[in-house]
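Report on the following structure.
Bear in mind the structure is a predicted one, so any value in this text is a computation, not a measurement.
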Amino acid sequence: MATLTTEPEQLPRTKPATNSIVRWTVVLIPGLLFYFLPLPALNVGQRHLLAVFVATIIALVAHPVPMGVSTLIGLAVLALTRTLTANQIYSGYSNTTVWLIFTAFLFSRAVMSTHFGMRVAYVFIRRFGHTSLTLSYSIAASDAVLAPFIPSDTARGGGIVYPIVLSIARALGSEPGGSTNQLGAFLMLVGFHSTYIASAMFLTGMASNPLIADFARQIAHVDLTWLRWAMGASVPGLAGLLIVPWVIYRLNPPGIRDTEQARVVARDELMRMGRVSRDERWLIVVLLGVMAGWISSPWHGLPNAVVALAGLCTLLVAGVVTWEELLTERKAWDALIWFGALIGMADALQLAGVVDVLSRAAFHYIQGWSWLLALAVLVVLYLYIHYSFASMTAQVTALYPAFLGAALASGVHPLLAALPLAYFSNLNAGITHYGTGSAPIYFGAGYVTQATWWKIGFLVSLVNLVLWLGVGLLWWKVLGWW
């Protein structure tokens with residue numbers, strides 16, 4: 001399989017120490033201002049908690065240190081200033097949401113180490129890759145099939161689908177720049193936009209989705225189970241996977257229609273991989289069992305995290321993955337640290353009443369509007385504010401509770417308030433080349449200019465608004481959710 005080697009972009013030389021000072025300044029100044037300056041409607045304890053939270057969120061964006069370090073520092077400050085008790089500080093690590101996403105990351109290790117994810121993608125391409133448009137649908141379908149089990153668009157899109165897309169583009173003679181660029185640009189755009197649509201379709205499709213479900217349960221008192229999330233996303237999500245590749249096909253034509261060579265590449269790769277291995281068979285059975293457990297959780301009552309943990313233990317006992325392999329899965333352990341810390345802080349903000357105060361203060365202008373207009377304005381604002389974020393998790397943690405509270409205050413039905421904001425916490429990733437982990441990977445291939453990337457991203461965002469706020473609302477009405 002072809003691999004990508006690119007020269008790093010030449011940036012102005014900045015001394016590491018100076019760069020670090022600038023980043024820490026960006027983090028500390030807002031935090032100190034919130035900590036020491038009085039804020040209307042907030043008492044001292046609420047203000048101190050908000051200050052640490054704001055500084056932590058800014059640190060997740062500015063990256064003066066890794067995410068895990070930023071959140072641990074936040075916990076340490078909360079403890080040293082006696083803003084929270086020790087039990088409150090570490091309460092996030094007892095949340096089942098943290099363990100669900102941790103276990104799902106470990107599942108993704110099995111999907112990748114057994115090469116099952118690559119096999120799925122190549123099977124779709126071999127079967128449906130007759131033309132450039134059907135080839136794009138094969139890429140989208142591959143991502144959607146893998147999304148329930150790989151809660152990272154970076155791992156799924158950037159680690160599995162992207163290398164295949166790049167290999168196919170090069171096998172068809174498409175290289176960055178020049179007259180052969182069009183097909184590669186088209187496939188890269190479809191691969192990227194399919195990734196975040198697939199993430200939006202499943203509770204376990206993106207790392208922050210379970211965090212969103214936790215917020216929805218606390219603030220709106222609605223339970224976004226795995227089944228409810230998937231049912232709500234099924235119609236607009238499938239419509240997006242069908243329509244968005246076609247829209248990109250029209251906006252950025254591939255130049256080549258016949259892609260039979262892609263099927264040849266896929267066939268050769270599948271022959272090289274050989275028959276489905278014993279580990280892959282075990283993995284398929286366990287994944288189907290876990291999905292069945294998630295779907296049926298309203299009946300058996302077991303939390304999603306328990307079902308996932310049981311599946312992971314099965315894989316360990318069967319030898320599909322080893323404990324030593326899981327210990328090297330750095331993303332899972334990293335997520336466990338920073339995710340638990342963020343959930344603990346977010347829970348504390350909610351219990352202290354900070355979210356409620358900020359929601360009323362920030363969004364009082366839309367009170368009195370019709371609930372439908374208020375919801376539309378909030379979703380559009382929530383979508384395009386992601387131009388200011390380089391992380392979906394940072395935006396979810398910082399803004400989802402406030403926007404959800406504003407929607408509820410405007411009279412939106414709790415489930416309708418929670419769901420669109422949840423889905424657009426994933427769909428907002430498509431507007432820039434830095435809005436999520438997989439974006440710089442696809443963009444870095446060099447097939448798509450920044451101007452084209454942003455133009456396509458904005459136009460596709462309009463399509464997503466129509467599908468998820470238009471078709472989605474009608475579908476949720478059919479389901480009886482409002």
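Distance alone, capped at 3.5 Å, is enough to place a donor-acceptor pair between the Trp453 side chain and the Thr432 backbone. One N or O on the side chain of Trp333 and one on the backbone of Leu326 form a donor-acceptor pair closer than 3.5 Å. In terms of modelled atom types and a separation under 3.5 Å, the side chain of His386 and the main chain of Gly435 share a donor-acceptor contact. Panel note: side chain Trp24, backbone Ala59; no donor-acceptor pair is recorded below 3.5 Å. Here the side chain of Thr204 pairs a donor or acceptor atom with the backbone of Pro148 at under 3.5 angstrom. Asn209 places a side-chain N or O within donor-acceptor distance of the main-chain N or O of Phe202, the cut-off being under 3.5 Å. Panel note: side chain Asn181, backbone Tyr447; a donor-acceptor pair is recorded below 3.5 Å. Under a 3.5 Å cut-off, the side chain of Tyr382 and the backbone N or O of Pro420 do not form any donor-acceptor pair. Without hydrogens or angle criteria, Arg47 side chain to Tyr35 main chain gives a donor-acceptor distance under 3.5 Å. A donor-acceptor pair under 3.5 Å is formed between the side chain of Thr85 and the backbone N or O of Gln88.
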Residues Tyr442, Val161; criterion side-chain contact (heavy atoms from CB on, under 4.5 Å); working and verdict:
CA-CA 10 Å; Tyr442 279 103; Val161 179; 3.6 Å; yes
Thr195 and Tyr162: side chain to side chain donor-acceptor pair (under 3.5 Å), yes or no, with the steps?
CA-CA 10 Å; Thr195 292; Tyr162 164 77; over 6 Å; no
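Exactly one of Asn426, Thr397, Thr393 qualifies for a side chain to side chain contact (heavy atoms under 4.5 Å, CB included) with Ser208. That residue is Thr393.
Residues Leu336 and Phe102 approach most closely at CB-CD1, 3.8 Å, considering heavy atoms.
Note on ring orientation: taking the six-membered ring where Trp is involved, the planes of His433 and Trp454 are tilted (angle from 30° to 60°).
Annotation: the span from Ile243 atom CD1 to Ile248 atom CD1 amounts to 12.0 Å, rounded to 0.5 Å.
The environment of OH in Tyr90 is sparse: at most 12 heavy-atom neighbours from other residues, nucleotides or ligands sit within 6.0 Å.
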